[in-house]
Amino acid sequence: MTGAWRAGDPPGPRRFAGVGEVALENGRVLPDVTLAYETWGEHRGDNGVLVLHALTGDSHLAGAADDAHPSPGWWDALVGPGKAIDTGRFFVVAPNILGGCQGSTGPASEDPDGLPWGRDFPSLTVRDQVQAEVRLADALGIGRWHAVIGGSAGGMRALEWAIEHPARVERLFVLASSPWASAEQIALSATQCDVIRADPDFHGGDYYDAPEGPIAGLDLARRIAHISYRSERELHERFGRDRQDDERFAVESYLAHHGAKLVRRFDANSYIVLSEAMNSHDVGRGRGGVEAALARITARTVVAGIDSDRLYPLAQQQVLADGIAGADGLDVVSSLHGHDGFLVESEQVGELAKRLLD
Ligand SMILES: CC(=O)SCCNC(=O)CCNC(=O)[C@H](O)C(C)(C)COP(=O)(O)OP(=O)(O)OC[C@H]1O[C@@H](n2cnc3c(N)ncnc32)[C@H](O)[C@@H]1OP(=O)(O)O
Ligand SMILES: N[C@@H](CCO)C(=O)O
């Protein structure tokens with residue numbers, strides 16, 4: 001496969017934990033699971049903070065850009081010595097998600113026969129992903145997190161942690177996330193997955209030895225996603241009807257840039273597995289409904305949303321704020337940038353994180 005992401009890319013200061021087999025919600029067993037992770041600060045027993053990334057994030061939460069990382073850590077503005085998530089005080093752990101492609105077991109990993117899983121990789125749920133993270137916490141000797149923090153898909157996992165393992169989560173920060181995947185969220189994600197599958201280079205998911213992977217499909221899926229990550233007003237104000245290079249609209253060029261950037265660092269099969277895991281998200285499933293599930297959370301909680309987020313609208317975070325006893329209302333981050341505000345509005349998000357951690 002040429003011109004795009006390859007298994008094993010990129011190298012980095014990651015560590016790897018073998019967490020054994022994971023019994024999945026669908027009855028299958030995923031053997032020999034590995035989670036890649038990075039840590040910052042010193043472990044002092046009760047100071048662990050787990051930070052969970054979103055769909056296409058990775059374990060590189062903090063740190064400057066370097067040879068292995070063309071961009072700084074995705075929350076570098078928030079995480080570091082003296083920053084909102086102060087690595088002078090806290091032992092911060094950021095794992096790569098189960099099913100991902102940045103070091104954790106995913107569709108590009110070897111199956112028991114030593115070949116890439118490809119189309120045979122099992123479908124996952126958010127709860128399966130959290131099960132693997134629980135094993136990582138066990139391996140690191142962390143019985144109870146001082147805090148579990150996540151935005152977007154990371155917020156889904158943070159919620160599942162607090163619901164399924166309340167005694168292990170002292171504080172919880174859920175940002176731009178939801179108690180269940182809504183019809184619109186499912187529609188957008190499912191369409192993106194189908195766009196990838198429609199790429200003739202997808203080969204049913206078994207493309208790792210092919211000359212080309214489904215680069216065009218992944219690129220288009222990312223463009224569709226990226227529209228939903230930003231606000232209508234922002235696109236209007238930044239690009240309007242401007243043309244670029246006397247040809248295409250500037251907004252087309254912007255989306256093409258983001259599509260091209262993702263295919264260099266992400267695996268299409270992982271994109272599908274992770275998107276479908278997000279679509280499985282429903283904290284109420286098998287627990288007597290959403291209200292009953294949220295009532296299990298004992299953590300002191302901050303729930304926040306972004307006022308211009310059309311993908312994860314504030315109404316979903318309001319359900320969380322109303323249902324979690326330890327939440328003190330809903331905090332609203334003001335941003336022009338829509339859903340991606342959780343990555344961009346470092347100052348406001350940092351204030352919220354600080355309030356929770358202090
Ligand atoms: C949790 C995680 O997801 S971690 C992984 C990191 N996150 C992502 O990859 C998500 C996708 N990326 C993004 O959503 C955003 O880039 C963010 C959230 C990381 C940053 O947002 P912003 O700072 O607002 O950046 P913005 O969306 O404006 O994009 C800027 C890029 O677009 C490019 N760009 C802007 N206008 C145009 C245009 N008309 N034509 C082509 N490219 C353009 C810029 O050159 C810049 O490129 P660079 O990122 O390669 O330097
Ligand atoms: N930009 C984020 C959005 C999904 O929440 C990502 O790609 O992970």
Side-chain angles (χ1 to χ4, degrees), residues 5 10 12 38 51-63 65 69-79 94-97 99-102 126 129 149-158 174-178 181 185 188-189 192 218-219 221-231 233-267 270-271 274-275 277-279 281 305-306 308-313 316-317 333 335-347 349:
W5 174 93
E38 293 180 46
V51 183
L52 300 169
H53 68 73
L55 173 64
T56 65
D58 54 37
S59 62
H60 199 56
L61 168 70
H69 303 93
S71 308
W74 56 268
W75 251 7
D76 187 54
L78 267 79
V79 182
N96 180 219
I97 192 171
C101 55
Q102 306 292 341
V126 175
Q129 294 168 326
I149 297 176
S152 192
M156 296 175 189
R157 301 202 295 296
V174 183
L175 175 61
S177 195
S178 68
Q185 289 155 359
L188 279 161
S189 286
Q192 291 162 38
L218 181 60
D219 177 347
R222 181 60 158 191
R223 296 188 207 193
I224 297 168
H226 199 83
I227 300 165
S228 72
Y229 297 157
R230 314 299 289 210
S231 75
R233 200 179 122 216
E234 177 187 18
L235 296 182
H236 170 70
E237 289 184 6
R238 285 180 69 177
F239 306 107
R241 297 188 47 76
D242 291 352
R243 296 267 180 182
Q244 197 154 319
D245 317 322
D246 288 334
E247 248 180 63
R248 54 186 178 172
F249 287 105
V251 70
E252 288 183 82
S253 162
Y254 170 71
L255 293 176
H257 177 81
H258 279 288
K261 231 178 142 176
L262 187 77
V263 300
R264 289 197 291 272
R265 69 176 180 86
F266 218 79
D267 177 36
S270 272
Y271 195 93
L274 301 184
S275 297
M278 285 164 64
N279 284 352
H281 179 58
I306 294 148
S308 57
D309 188 342
R310 54 181 162 186
L311 184 59
Y312 288 82
Q316 287 191 316
Q317 292 104 50
V333 171
S335 178
L336 180 61
H337 302 297
H339 182 60
D340 267 353
F342 84 91
L343 295 166
V344 178
E345 303 295 349
S346 319
E347 208 167 303
V349 172

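Position 1 is the first residue of the sequence, and the numbers go up from there. When a ligand or atom number is given, it counts from 1 through the structure's own listing order. From a predicted model like this one, the values you see are computed outputs, not experimental measurements.
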Are side-chain heavy atoms of [X] and [Y] found at a separation under 4.5 Å?
X	Y	result
Leu343	Tyr229	no
Arg233	Leu336	yes
Met156	Met278	yes

| task | Closest by any non-hydrogen atom to atom 3 (O) of ligand 1: pick that one out of Gly57, Ala260, Gly338. | result | Gly57
| query | For atom 25 (O) of ligand 1, which candidate among Arg230, Arg248, His337 holds the nearest heavy atom? | reply | Arg230
Where the side chain of [X] meets the backbone of [Y], is there a donor-acceptor pair that is under 3.5 Å apart?
X	Y	answer
His281	Ala153	no
Asp309	Tyr312	yes
Gln317	Pro313	yes
Gln102	Arg265	yes
Arg238	Val251	no

[X] N/O to ligand 1 N/O under 3.5 Å:
X	result
Lys261	yes
His257	yes
Trp74	no
Glu234	no
Arg238	yes

| said: When you measure from the heavy atoms of Leu262 to every atom of ligand 2, does any distance fall below 4.0 Å? | reply: no
Once rounded to the nearest 0.5 Å, what's the spacing between atom [atom1] of [X] and atom [atom2] of [Y]?
X	Y	atom1	atom2	answer
Asp340	Glu345	CG	CD	10.5 Å
Ser152	Ile306	OG	CD1	9.0 Å
Asn279	Leu188	CG	CG	9.5 Å
Leu235	Arg230	CG	CZ	8.0 Å
Phe266	Arg222	CZ	CZ	8.0 Å

Counting only heavy atoms, which portion of [X] has something under 4.0 Å from ligand 2: side chain, backbone, both, or neither?
X	value
Arg222	side chain
Ala54	both
His339	side chain

Closest protein heavy atom (residue, atom, distance) for [atom]:
atom	answer
atom 8 (O) of ligand 2	Thr56 N, 3.0 Å
atom 35 (C) of ligand 1	Tyr254 CD1, 3.6 Å
atom 2 (C) of ligand 2	Asp340 OD1, 3.9 Å
atom 1 (C) of ligand 1	Leu343 CD2, 3.5 Å
atom 5 (O) of ligand 2	Ser152 OG, 2.5 Å
atom 14 (O) of ligand 1	Asp340 OD2, 2.2 Å
atom 29 (O) of ligand 1	His258 NE2, 3.0 Å
atom 23 (O) of ligand 1	Val344 CG2, 4.6 Å

| field | N or O contact, Ala153 vs ligand 2, cut-off under 3.5 Å | value | no
| query | Would you say Tyr229 and ligand 2 have an N/O pair spaced under 3.5 Å apart? | reply | no
Find all atoms of ligand 2 within a distance of less than 4.0 Å from any non-hydrogen atom belonging to [X], and give their numbers and elements.
X	value
Phe342	5 (O)
Leu55	8 (O)
Leu343	1 (N)

With heavy atoms of [X] as the reference, note each atom of ligand 1 found under 4.0 Å away.
X	answer
Ala54	1 (C)
Arg222	8 (C), 9 (O), 10 (C), 11 (C)
Ala250	39 (N)
Ser253	38 (C), 39 (N), 40 (N), 41 (C)

| query | Can you check whether a protein heavy atom sits less than 4.0 angstrom from atom 40 (N) of ligand 1? | reply | yes
| said: Looking at atom 19 (C) of ligand 1, tell me if a protein heavy atom falls under 4.0 Å from it. | reply: no
| field | Residue-ligand contact Arg265/ligand 1, heavy atom below 4.0 Å | value | yes
| For the residue pair Pro95 and Ser59, what are the closest heavy atoms and their distance? | C-CB, 4.2 Å
| task | Classify the angle between the aromatic ring planes of His226 and Tyr254 as parallel (below 30°), tilted (30 to 60°) or perpendicular (above 60°). | result | perpendicular
| said: Can you classify the ring geometry of His339 versus Phe342 as parallel (below 30°), tilted (30 to 60°) or perpendicular (above 60°)? | reply: tilted
| said: Under the criterion side-chain contact (heavy atoms from CB on, under 4.5 Å), I'd like the reasoning laid out for Asp76 against His60: C-alpha separation, chi angles, the key distance, then a yes or no. | reply: CA-CA 9 Å; Asp76 187 54; His60 199 56; over 6 Å; no
| message | Looking at Glu347, I'd like to know if its CD atom is crowded, meaning that more than 12 non-hydrogen atoms belonging to other residues, nucleotides or ligands lie closer than 6.0 Å. | response | no
